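Here is the structure we will look at.
Chain letters run A, B, ... following the sequence lines, proteins first and then strands; every chain starts at 1. Keep in mind that what you see is a predicted model, and the values were worked out from it rather than measured.
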Amino acid sequence: MNFPMDEPLFQFFYWLVNTPGLGSVAIALLVGAAMTIFFLTLRWIVSAKNEGEEGLPFPPQH
Amino acid sequence: MQPILTAQDRENLVSPLFKFDRQFWMTIAVLSVITLPGLALYVRQLFLGLGVTDLNRPVFWGAYLVNFIFLIGISMAGTVISAVLHLLHIEWRRPITRIAESLTVFGLMTAGLQIIMDMGRPDRLLNTLIYGRLQAPLMWDIASLTLYLLTASFALYLQLLPDIAFMRDSTPDNAPTWRKKLYSTLSLGWRGNKEQWARLEKAITAVSVILIPIGVSLHTVTSWLFSTTVQPGWKSTILGPYFVVGAIYSGIGLLFIAVTFATQYNHHLKGYITDTFYKNLGWIFIVMSFVWFYFTLNETLVVTTEQETLEFPVMAAKLFGEFAPAFWGMNVLMVATTWILIALKLPNKARSNPLFKTTTGLVMTALAVVTFIALALNIPALHASLVKTVLLGAFIVFFILALLGLTGWFQAHLIPSTVIASAFVLFGMWLERWNILMPTLTHARIIPYTTYFPTVTEVALTISTFGILTLIFVVFYKFFPSISIWEVEAGRALEQKNGG
């Protein structure tokens with residue numbers, strides 16, 4: 001029988017899921033990525049320049 | 001483009017935010033009275049340890065975890081429903097979007113508190129991160145919950161942004177300086193130009209698309225805390241979707257209650273949140289009740305018919321044992337809910353039927369409650385099987401006559417009936433979470449069976465939790481409009497355009 005743990009790839013997976021602290025690293029990456037995306041989105045929205053009318057009370061296409 | 005908001009709208013939606021009147025302080029006082037005893041008992045628990053609860057091996061999860069799953073559940077519907085309705089361009093969503101999205105954020109915040117309450121040593125909370133491994137379902141839950149909380153908060157903020165700018169420009173001169181600064185800072189310099197609106201709409205649509213799978217993942221991952229174990233009653237492939245269905249079902253219930261609470265608190269909101277919302281979301285509520293029954297039947301039928309050695313005692317405890325009152329109580333509440341919701345859709349002429357008399361309904365309700373309590377209390381004098389059968393038959397007859405008798409009243413009172421149905425769903429869904437957790441924990445495999453009943457500390461903290469949830473809701477909406485002003489204006493503009 002080919003036990004998958006003989007394969008280096010499966011040894012790596014074993015290390016990946018069993019090493020204490022790696023779970024929080026994954027969460028930190030997830031949170032960091034989400035926060036960065038949200039921050040950049042907000043910056044993208046408020047930085048929009050438009051020489052025309054300002055103070056529109058709702059989206060103009062309505 | 002001229003603003004469609006009238007002076008009356010301004011008076012209805014903005015002015016109450018700057019009036020800290022007696023009603024507000026009374027509400028805060030009542031909620032504090034509800035919340036404080038639990039907090040005091042938590043401090044006691046902190047010093048004395050989890051021994052003050054009924055938690056012990058193998059029942060290491062109790063009322064706190066039931067609350068956690070329940071709160072995670074009710075938090076789902078808000079944002080997910082708002083996202084779905086937004087993507088489908090459903091117009092009646094506009095006045096309720098804000099409340100729906102905020103319920104998600106507040107629900108998740110209070111759900112997080114349950115985990116801390118459940119820890120005997122909350123000072124070791126960081127250890128879950130320091131030593132957390134990727135294979136642990138708890139880590140998946142932390143990841144999913146954090147991501148959902150962040151995304152839901154971001155969605156709420158995006159939706160609020162134009163209204164915060166509106167508040168910045170509408171703050172009365174006599175308002176405190178810190179409040180002006182708060183709106184000014186949070187509005188991020190929003191000017192409301194054409195391009196900003198276009199980008200905001202794109203972002204809201206993108207977040208709506210992202211939120212739906214994240215919401216579904218959170219409830220599925222929470223179910224994996226249980227279904228990835230080998231405990232009887234938990235190792236089920238249906239638990240993930242069952243949690244998601246229950247979450248949407250209870251979330252709609254909370255949304256109805258929160259919206260009604262908001263309109264009762266500020267009567268002027270009734271002009272914006274009309275019966276259309278109750279009628280239309282009521283259809284989704286009915287569909288969810290049928291889907292929920294379908295899943296419950298699946299779960300119960302399969303385990304009951306296979307009668308597997310380890311699984312069946314858990315199911316038997318629910319069907320006939322110590323958890324029968326909670327299990328059948330849940331089902332009775334859900335049947336009542338479904339009937340109320342259907343009654344609201346029946347033609348009004350049903351009211352003229354002599355069976356549908358409110359007085360008959362109330363008397364039958366009282367009799368049904370008494371017989372149910374008699375059955376639930378398991379009184380020794382009633383142990384003879386014939387007596388029990390008669391009581392059970394009597395309960396079924398009283399229950400059916402109660403629902404039929406009250407049908408006319410339900411039809412004549414759309415909003416109170418919907419709120420009653422929602423309260424039944426919330427209580428029923430709390431019981432459902434109880435029925436998933438506790439029978440398994442008290443009937444765990446290999447080790448001897450045990451019992452669990454929440455202590456005063458756990459009950460008080462459960463009450464506190466709902467007090468805190470309401471408190472956050474009330475305080476938040478003293479600073480931000482509970483109805484999305486720009487959404488309402490956009491809706492009116494659309495109506496005018498379509499000649500409405």
Side-chain angles (χ1 to χ4, degrees), chain A, chain B residues 1-5 126-136 138-140 142-144 146-147 150-151 153-155 157-158 161-162 165-166 169 187-203 206-207 210 214 485-497:
Chain A
M1 191 179 89
N2 289 324
F3 185 58
M5 281 310 291
D6 291 341
E7 304 288 335
L9 185 66
F10 282 90
Q11 286 170 6
F12 168 71
F13 284 146
Y14 182 85
W15 172 85
L16 193 69
V17 299
N18 274 296
T19 307
L22 277 190
S24 49
V25 171
I27 290 176
L29 286 173
L30 206 64
V31 170
M35 295 291 279
T36 309
I37 291 168
F38 298 158
F39 171 76
L40 291 175
T41 308
L42 280 174
R43 207 177 67 163
W44 173 68
I45 293 169
V46 293
S47 67
K49 294 279 183 290
N50 196 306
E51 298 306 318
E53 201 179 352
E54 280 202 338
L56 302 175
F58 52 85
Q61 62 269 34
H62 291 287
Chain B
M1 186 165 54
Q2 290 301 312
I4 300 174
L5 208 67
L126 268 183
N127 286 357
T128 54
L129 293 175
I130 295 168
Y131 302 108
R133 294 179 299 163
L134 269 179
Q135 62 157 263
L138 272 173
M139 292 306 287
W140 313 340
I142 294 173
S144 202
T146 314
L147 192 62
L150 285 174
T151 316
S153 306
F154 181 61
Y157 186 60
L158 279 182
L161 193 58
F166 178 80
D169 303 334
S187 63
L188 303 175
W190 171 269
R191 304 305 320 163
N193 65 46
K194 199 175 170 184
E195 186 58 27
Q196 279 186 334
W197 276 113
R199 291 185 183 183
L200 181 76
E201 288 229 301
K202 275 181 196 163
V207 173
I210 295 166
I214 298 178
I485 296 172
W486 69 269
E487 284 257 35
V488 168
E489 283 202 273
R492 283 185 190 170
L494 208 65
E495 261 178 40
Q496 284 178 7
K497 198 172 154 187

Side-chain contact test, heavy atoms from C-beta onward, threshold under 4.5 Å: evaluate it for B:Q135 versus A:Y14 and give yes or no. no

How about A:V31 and B:L150: do any of their side-chain heavy atoms sit closer than 4.5 Å? yes

Hey, what do you get for CD1 (A:I45) to CG (B:L158), rounding to the nearest 0.5 Å? 5.0 Å

Here the gap from A:W44 atom CH2 to B:K202 atom NZ, rounded to the nearest 0.5 Å, amounts to 5.0 Å

Check whether any side-chain heavy atom of A:L30 sits under 4.5 Å from a side-chain heavy atom of B:T146, and report yes or no. no

Relative to chain A, which segment of B:T128 carries a heavy atom at a distance below 4.5 Å: side chain, backbone, both, or neither? neither

Check each atom of B:Y157 against the heavy atoms of chain A and say whether the ones under 4.5 Å are side chain, backbone, both or neither. side chain

Do any N or O atoms from the side chain of B:R199 and from the backbone of A:V46 form a donor-acceptor pair under 3.5 angstrom? no

Going by heavy atoms in the side chains, are B:R133 and A:T19 under 4.5 Å from each other? no

B:N193 (side chain) donor-acceptor with A:A48 (main chain) under 3.5 angstrom: yes

If you count heavy-atom pairs under 4.5 Å with chain B, which of A:I37, A:L42, A:N18 comes out on top? A:N18

Look up atom CG in B:L134 and atom OG in A:S24, then write down how far apart they are to the nearest 0.5 Å. 9.0 Å

Region of B:L147 that comes under 4.5 Å of a non-hydrogen atom in chain A: side chain

Between A:K49 and B:E195, what is the shortest heavy-atom contact and its length? O-CB, 4.2 Å

Is it the side chain or the backbone of A:L16 that comes within 4.5 Å of chain B heavy atoms, both, or neither? both

